Participant: 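Pasting in a structure now, in structure tokens, and then I'll have a few things to ask.
This one's a predicted model, so the numbers in the text were calculated from it and none came from an experiment. Below, chain A is the first sequence line, B the second, and so on; all start at residue 1.
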Protein chains: 2
Amino acid sequence: MDMHENSPHGDVAALFGRLVRESLPGRRGEGAWRALLQAQATLMRQLDTDLRDNTGLRLADFDVLAQLAEAGGRLRMTDLAARTLLSRSGLTRRVARLVDEGLVRRANAPGDGRGVVVALTDAGVARVTETVPVHLQGVSKLFVERLDDQELALLESALRKVIVDCTFG
Amino acid sequence: MDMHENSPHGDVAALFGRLVRESLPGRRGEGAWRALLQAQATLMRQLDTDLRDNTGLRLADFDVLAQLAEAGGRLRMTDLAARTLLSRSGLTRRVARLVDEGLVRRANAPGDGRGVVVALTDAGVARVTETVPVHLQGVSKLFVERLDDQELALLESALRKVIVDCTFG
DNA sequence: CAGAGGTGCTTGCGATTGCAAGTACCTATG
DNA sequence: CATAGGTACTTGCAATCGCAAGCACCTCTG
């Protein structure tokens, strides 16, 4: 019998479902995987637009400033790239933009003529100081508050297990 | 006392930590949040490069084909954009590329002169059919296999709670 | 059935990205 | 101390993205 679903080939959805069940027995993990994709995509998007609207800083730039602040104010380019999950070339340009805005300063690394140290300027410290609460309130409202302690603990331990050790850039 | 950490201002890291504790009491949820960011970023990156290497298809393109397959082979542009978490303009261009590759076909929507229906071609069905197992094996190896049933269930239910309802594009 | 406003999609544009190649510097070897 | 090879970072390039504006079509109202 042909099920006139889609003229030439049979029921594509059924074929697709069969393939999924072959690779993921019982479709195990499929729901969790989809939830991960959707949660991350929508959360990041919402946080980015909220942060932009409320502080004028995009999330990616804030991340650079926050990583610097957490590290005491200064980091080597390569370290900073690793922490921000950014490629090194991507970081070069991002830092250049932040330098233009006066939030960050570049200096030669002491004892290594190749290296560059990125440091927060006073303006950068001020900016990150006023931005952190806004960002974390977003994280709190959209993420932390919606989960209880047990869920947060399990989420953390489970997600840690699936972090891939891959270098970026 | 001044702690010569960073010439003009005091200890930025301590200030930063204080701000975090103020917005996230007890730093509750911080670990889970970081694990989410890192897991998603590294997983997606690894899956994309693996899929590229093994099938020549980039993950974003595969996602379009897979969504089409799951929906029975054809979808309206707007529906497809929503499912792939892509902006509508982004989808327009992505579909154009897939049309060039012969994996997908465009047609006018019946009964609505504005609408466009995207449909898998036979080549597209073949391509997605051979790619699905490769992709799902990656998902399985990097994600599903590393977690037990309980973890997967809790991950799914927890992540569903933090999905934001925001339109893309 | 005319016109206002909404919807579906595409295009102009500016911004951003990663890769690969290039430059500058460091270090180990003989 | 010369040179080969590695590391740190930057830049040329081509690709991609989202926003905002634009176009075409639909639908509701009077």
Side-chain angles (χ1 to χ4, degrees), chain A residues 40-42 44-53 56-64 74-101 104-119 166-169, chain B residues 41-42 44-53 56-64 68 74-101 104-119 166-169:
Chain A
Q40 202 272 350
T42 60
M44 294 302 285
R45 174 153 186 120
Q46 189 67 44
L47 284 172
D48 187 32
T49 61
D50 285 355
L51 196 69
R52 247 178 200 293
D53 293 348
L57 209 57
R58 57 181 79 235
L59 189 52
D61 288 335
F62 169 74
D63 191 30
V64 171
R74 47 178 61 239
L75 278 173
R76 287 284 291 263
M77 289 290 280
T78 299
D79 288 347
L80 188 51
R83 297 189 195 215
T84 54
L85 302 176
L86 212 64
S87 72
R88 285 210 304 279
S89 65
L91 183 64
T92 293
R93 293 185 241 257
R94 184 162 296 281
V95 165
R97 273 169 247 148
L98 292 171
V99 168
D100 287 344
E101 296 178 47
V104 140
R105 172 181 2 113
R106 296 167 49 106
N108 296 328
D112 187 344
R114 300 165 301 179
V116 172
V117 173
V118 186
C166 63
T167 326
F168 277 68
Chain B
T42 60
M44 292 304 284
R45 177 155 183 113
Q46 190 66 45
L47 284 172
D48 187 32
T49 60
D50 284 355
L51 197 68
R52 248 178 197 295
D53 293 348
L57 209 56
R58 59 179 79 237
L59 189 52
D61 287 336
F62 169 74
D63 191 28
V64 171
L68 280 172
R74 47 179 61 237
L75 278 173
R76 287 286 290 263
M77 289 290 281
T78 299
D79 288 347
L80 188 51
R83 297 189 194 215
T84 54
L85 302 176
L86 211 62
S87 71
R88 286 210 305 278
S89 64
L91 183 65
T92 294
R93 294 183 238 259
R94 185 163 295 282
V95 165
R97 275 169 247 146
L98 292 172
V99 168
D100 288 344
E101 296 179 47
V104 139
R105 168 179 10 111
R106 296 168 49 107
N108 296 328
D112 187 344
R114 301 165 301 179
V116 172
V117 173
V118 186
C166 63
T167 327
F168 278 68

Participant: Can a side chain N or O of B:Arg45 be found less than 4.0 Å away from OP1 or OP2 on C:dC19?
Facilitator: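 It does, given that an N or O in the side chain of B:Arg45 lies less than 4.0 Å from OP1 or OP2 of C:dC19.
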Participant: Got a list of protein N/O to nucleotides 13-17 of chain D N/O distances below 3.5 Å?
Facilitator:
from	atom 1	to	atom 2	distance (Å)
D:dT16	OP1	B:Arg58	NH2	3.2
D:dC17	OP1	B:Arg94	NH2	2.2
D:dC17	OP2	B:Arg97	NH2	3.0

Participant: If you look at every heavy atom in A:Val117 and A:Pro110, which pair is closest and at what distance?
Facilitator: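 Of all heavy-atom pairs spanning A:Val117 and A:Pro110, the closest is CG2-CD, 4.2 Å.
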Participant: Test B:Arg76 against B:Asp112 for salt bridge (Lys or Arg N to Asp or Glu O under 4.0 Å), laying out the working first.
Facilitator: CA-CA 11 Å; B:Arg76 287 286 290 263; B:Asp112 187 344; 3.6 Å; yes
Participant: Decide yes or no, distance alone: a donor-acceptor N/O pair under 3.5 angstrom between the base of D:dC19 and the side-chain of B:Ser89.
Facilitator: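 Counting by modelled atom types and ignoring angles, a donor-acceptor contact under 3.5 Å is found here.
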Participant: Can you tell me the distance, in whole Å, between the CZ atom of A:Arg88 and the C1' atom of D:dT10?
Facilitator: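 Rounding to the nearest Å, CZ of A:Arg88 and C1' of D:dT10 are 10 Å apart.
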Participant: Tell me which one of A:Arg52, A:Arg45, A:Met44 satisfies side chain to side chain contact (heavy atoms under 4.5 Å, CB included) with A:Leu59.
Facilitator: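 The option that passes is A:Met44.
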Participant: Whole angstrom is fine here: how far is it from CG in B:Asp112 over to C1' in D:dA24?
Facilitator: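 Distance check: B:Asp112 CG to D:dA24 C1' gives 11 Å.
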Participant: Can you tell me how far C1' of D:dC19 sits from CG of A:Asp53, to the nearest Å?
Facilitator: 14 Å
Participant: Which value, rounded to the nearest 0.5 Å, describes the distance between B:Arg83 atom CZ and B:Leu68 atom CG?
Facilitator: 9.0 Å
Participant: Can you measure from CZ (B:Arg74) to CZ (B:Arg106) and round to the nearest 0.5 angstrom?
Facilitator: 13.5 Å
Participant: Report which part of the nucleic acid B:Thr92 touches: base, sugar-phosphate, or nothing (heavy-atom distance under 4.0 Å, all strands).
Facilitator: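 Here B:Thr92 touches the bases of the nucleic acid.
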Participant: I need the CZ-C1' distance between B:Arg76 and C:dC9, as an integer number of Å.
Facilitator: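 After rounding, the gap between these two atoms is 10 Å.
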Participant: To the closest 0.5 Å, what do you measure between OG1 (A:Thr84) and CG (A:Leu80)?
Facilitator: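 So the OG1 of A:Thr84 and the CG of A:Leu80 are separated by 5.0 Å.
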Participant: Could you tell me the separation between the CG atom of B:Leu85 and the C1' atom of D:dG18, rounded to a whole number of Å?
Facilitator: 15 Å
Participant: List the atom of A:Leu91, the atom of A:Met77, and the distance in Å for their closest heavy-atom pair.
Facilitator: CD2-O, 3.0 Å
Participant: If I take atom CG in residue A:Leu98 and atom C1' in nucleotide C:dT16, what distance separates them, rounded to the nearest angstrom?
Facilitator: 14 Å
Participant: Dump the pairs, protein N or O against N or O of nucleotides 21-23 of chain C, anything under 3.5 Å, distances to one decimal.
Facilitator:
none

Participant: B:Asn108 has an atom CG; how far is it from atom P of C:dT10, in whole Å?
Facilitator: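 Checked: the CG to P distance equals 10 Å.
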Participant: Take A:Arg94 and A:Asp61 through the test salt bridge (Lys or Arg N to Asp or Glu O under 4.0 Å) and record every step on the way to the result.
Facilitator: CA-CA 7 Å; A:Arg94 184 162 296 281; A:Asp61 288 335; 2.4 Å; yes
Participant: Can you confirm whether B:Val118 sits close enough to B:Leu75 that some side-chain heavy atom of one is under 4.5 Å from a side-chain heavy atom of the other?
Facilitator: no
Participant: First locate atom CG of A:Asp63, then atom CG of A:Asp48, and finally report the distance between them rounded to the nearest 0.5 Å.
Facilitator: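 Between A:Asp63 CG and A:Asp48 CG, I get 11.0 Å after rounding to 0.5 Å.
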Participant: For A:Thr49 and A:Asp79, take the nucleotide of DNA chain D holding the closest heavy atom to each; which residue's nucleotide lies nearer the 5' end?
Facilitator: A:Asp79
Participant: Please tabulate, one pair per line, each protein N/O and nucleotide N/O from nucleotides 4-7 of chain C that are separated by under 3.5 Å, including the distance.
Facilitator:
from	atom 1	to	atom 2	distance (Å)
C:dG6	N2	B:Arg114	NH1	3.2
C:dT7	O4'	B:Arg114	NH1	3.4
C:dT7	O2	B:Arg114	NH1	3.0

Participant: Kindly indicate, with the supporting measurements, whether the criterion side-chain contact (heavy atoms from CB on, under 4.5 Å) is fulfilled by B:Arg88 and B:Thr78.
Facilitator: CA-CA 7 Å; B:Arg88 286 210 305 278; B:Thr78 299; 3.5 Å; yes
Participant: Rounded to the nearest 0.5 Å, what's the gap from CG on A:Leu85 to OG1 on B:Thr42? Could you check?
Facilitator: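 Those atoms lie 7.5 Å apart.
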Participant: Return the value, rounded to whole Å, for the distance between atom CG of B:Leu91 and atom P of C:dT11.
Facilitator: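 B:Leu91 atom CG is separated from C:dT11 atom P by 13 Å.
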Participant: Want to settle it: does B:Thr78 or A:Gly113 sit nearer the 5' end of DNA chain C, counting the closest nucleotide to each?
Facilitator: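 By nearest-heavy-atom nucleotide position, the 5'-most residue is B:Thr78.
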